[in-house]
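As the structure is a computational prediction, the values presented were derived from the model and not from experiment. If you read the sequence from its start, that first residue is 1, and numbering goes on from there.
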Amino acid sequence: MEVFDPGFASQALINKKLNDYRKVSPAGTKPDSSPKGPRGLGIRAEFLKQTGTSAPRSPRQDAAVTKDESSSQKAPWGINIMKKNKKSAPRAFGVRLEECQPAPDNKNVPLIVEACCKVVEDRGLEYMGIYRVPGNNAVVSSLQEQLNKGATEINLQDERWQDLNVISSLLKSFFRKLPEPLFTDDKYNDFIEANRIEDASERMRTLRKLIRDLPGHYYETLKFLVGHLKTIADHSEKNKMEPRNLALVFGPTLVRTSEDNMTDMVTHMPDRYKIVETLIQHSDWFFSDKEDKGEKTPVDEKEAQSVPNIEYLLPNIGRTAAPGDAAADLLES
């Protein structure tokens with residue numbers, strides 16, 4: 001009778017399990033002979049895979065996973081908030097007109113322009129030399145930095161807004177820093193050529209047509225600014241700033257190119273002065289909403305008024321002569 005050897009049977013069972021495990025393992029991988037990890041981990045992983053369960057985690061692991069998930073959820077939200085704030089708080093200096101914070105009453109006019117003009121008109125109409133006297137550079141720079149941080153409202157009670165010279169310099173600085181000048185790069189040469197037209201009436205009509213062809217933000221801002229300068233000039237008896245003086249200040253700042261060179265500054269300087277002076281003198285006509293259908297220009301009307309009426313003068317020539325004038329006595333007889 002054959003005796004059953006338990007040791008042999010258990011060894012055969014172990015060999016069978018090892019062969020089965022090698023068949024299950026990926027091809028080309030060498031089973032780890034270490035008694036610790038891979039065999040035990042592999043069997044455990046296989047068991048978990050077949051049962052569809054996951055390995056239990058410690059409380060520390062759960063906390064780490066929760067923290068990672070919460071941080072991944074917060075990151076996009078934080079980025080969106082930053083983008084939203086950046087969009088709702090545009091800069092004031094060194095950007096195009098259409099990118100500036102708009103005024104509440106006119107969406108095509110920058111808020112900074114309206115605020116500066118309001119301060120000057122409220123307190124500086126009779127201030128002698130307004131716009132000619134520069135303000136403190138340090139205060140002007142501090143206001144620029146504050147406005148460039150994206151202030152949606154301007155506190156006119158701020159002490160810095162009480163100095164008229166600072167505010168007038170702030171307004172000039174705004175137009176000086178525009179990347180696209182108020183008269184625009186593509187129309188600059190047209191304005192210079194129009195100013196040099198010899199016929200006064202044709203010059204006026206050509207200038208008005210060019211102004212009306214400006215983009216919306218540029219036309220409305222120019223209209224607003226020229227109206228403000230006209231108000232300043234109307235008080236020139238007190239402030240000594242006639243249209244010509246204002247043109248000397250604003251001409252080089254407004255009528256220029258984005259890449260102004262020394263040649264243009266020298267050769268075109270008289271044109272820049274004259275264009276701004278003409279706009280201030282005849283602002284109502286240039287920015288009138290009426291269609292131009294051949295009506296007379298302000299120059300035509302002025303010339304018509306300056307021509308004497310001969311029929312009126314002849315009957316009255318004797319009355320204007322000095323007593324005892326022989327010519328007068330002759331005409332009266």
Test item: Val113 and Phe224 side chains (from C-beta on) under 4.5 Å apart, heavy atoms | yes
Would you find more than 12 non-hydrogen atoms of other residues, nucleotides or ligands less than 6.0 Å from Met269 atom CE?
-> yes
Sort and list the pairs that fulfil ring pair (Phe, Tyr, Trp, His ring centres under 6.0 Å) and have at least one residue in residues 233-280, not counting sequence neighbours.
-> Tyr131-Phe250, Tyr188-His268
Answer yes or no: is there a side-chain heavy-atom contact under 4.5 Å between Thr278 and Met204?
-> yes
Should Glu114 and Pro104 count as side-chain neighbours, where that means a heavy-atom distance under 4.5 Å?
-> yes
On a heavy-atom basis, the closest approach of Leu164 and Gly124 is CD1-CA, 3.7 Å
Just by distance, do the side chain of Asp158 and the backbone of Trp161 share a donor-acceptor pair under 3.5 Å?
-> no
With distance as the sole test, does Arg208 use its side chain to make a donor-acceptor pair with the main-chain N or O of Phe286 at under 3.5 Å?
-> no
Between the main-chain N or O of Thr253 and the side-chain N or O of Arg256, is there a donor-acceptor pair closer than 3.5 Å?
-> yes
Do Leu225 and Leu248 share a hydrophobic cluster, counting only Ile, Leu, Val, Met, Phe, Trp and Tyr and linking them when any side-chain heavy atoms are less than 4.5 Å apart?
-> no
Val95, Leu214: one ILVMFWY side-chain cluster at the under-4.5 Å cut-off?
-> no
Of all the heavy-atom pairs spanning Thr184 and Pro215, show the shortest one and how long it is.
-> CG2-CD, 4.1 Å
Whether over 12 other heavy atoms sit under 6.0 Å from Lys187 NZ = yes
Applying side-chain contact (heavy atoms from CB on, under 4.5 Å), run through Arg272 and Val276 and close with a yes or a no.
-> CA-CA 6 Å; Arg272 299 177 180 188; Val276 175; 6.0 Å; no
Any chance you could lay out the side-chain contact (heavy atoms from CB on, under 4.5 Å) test for Leu143 and Ile167, step after step, and finish with the verdict?
-> CA-CA 9 Å; Leu143 277 176; Ile167 303 309; 4.3 Å; yes
Dump the intermediate steps for side-chain contact (heavy atoms from CB on, under 4.5 Å) on Leu246 and His228, then the final yes or no.
-> CA-CA 11 Å; Leu246 291 169; His228 166 70; over 6 Å; no
From CG (Asn136) to CZ (Arg160), nearest 0.5 Å = 11.5 Å
Interatomic distance, Tyr127 atom OH to Asn165 atom CG [nearest 0.5 angstrom] = 3.5 Å
Side-chain donor/acceptor of Asp260 to backbone N/O of Met265, under 3.5 Å = no
Only distances under 3.5 Å count here; give the side-chain donor-acceptor pairs of residues 174-181 to other protein atoms, sequence neighbours excluded, each with its distance to 0.1 Å.
from: Glu180; atom 1: OE2; to: Asp185; atom 2: N; distance (Å): 2.9

Would you name the heavy atoms of Ile232 and Val120 that are closest together and state the gap between them?
-> CD1-CG1, 3.7 Å
Is there a donor-acceptor contact under 3.5 Å from the side chain of Arg132 to the main chain of Met241?
-> no
4.5 Å side-chain heavy-atom contact, Leu125 and Asp234 | no
Please indicate whether Asp213 has more than 12 foreign heavy atoms, meaning atoms of other residues, nucleotides or ligands, lying under 6.0 Å from its CG.
-> yes
Does any N or O in the side chain of Ser169 come within less than 3.5 Å of the main-chain N or O of Val166, such that one atom is a donor and the other an acceptor?
-> no
CZ/Phe191 to CG/Asp271 distance, rounded to the nearest 0.5 angstrom?
-> 12.5 Å
Inter-residue atom distance Lys118.NZ - Leu111.CG, 0.5 Å rounding = 12.0 Å
When you measure from the side chain of Ser288 to the backbone N and O of Trp285, does any donor-acceptor pair fall under 3.5 Å?
-> no
Does the side chain of His217 reach to within under 4.5 Å of the side chain of Asn108, using non-hydrogen atoms?
-> yes
Between the main-chain N or O of Ala92 and the side-chain N or O of Asn148, is there a donor-acceptor pair closer than 3.5 Å?
-> yes
Would you say Gln162 and Arg123 make side-chain contact, with heavy atoms under 4.5 Å?
-> yes
Rounded to the nearest 0.5 Å, what's the gap from CZ on Arg203 to OG1 on Thr297? Could you check?
-> 10.0 Å
Between Glu242 and Asn245: side-chain donor-acceptor atoms closer than 3.5 Å | yes
Show the numbers, then the answer: is there a side-chain contact (heavy atoms from CB on, under 4.5 Å) between Leu171 and Cys117?
-> CA-CA 8 Å; Leu171 181 64; Cys117 293; 4.0 Å; yes
Taking atom CG of Leu222 and atom CD1 of Ile211, what is their separation to the nearest 0.5 Å?
-> 6.0 Å
Closest approach of Ser283 and Lys230, non-hydrogen atoms and distance?
-> OG-CG, 3.7 Å
What are the two closest heavy atoms between Val226 and Leu279, and how far apart are they?
-> CG1-O, 3.5 Å
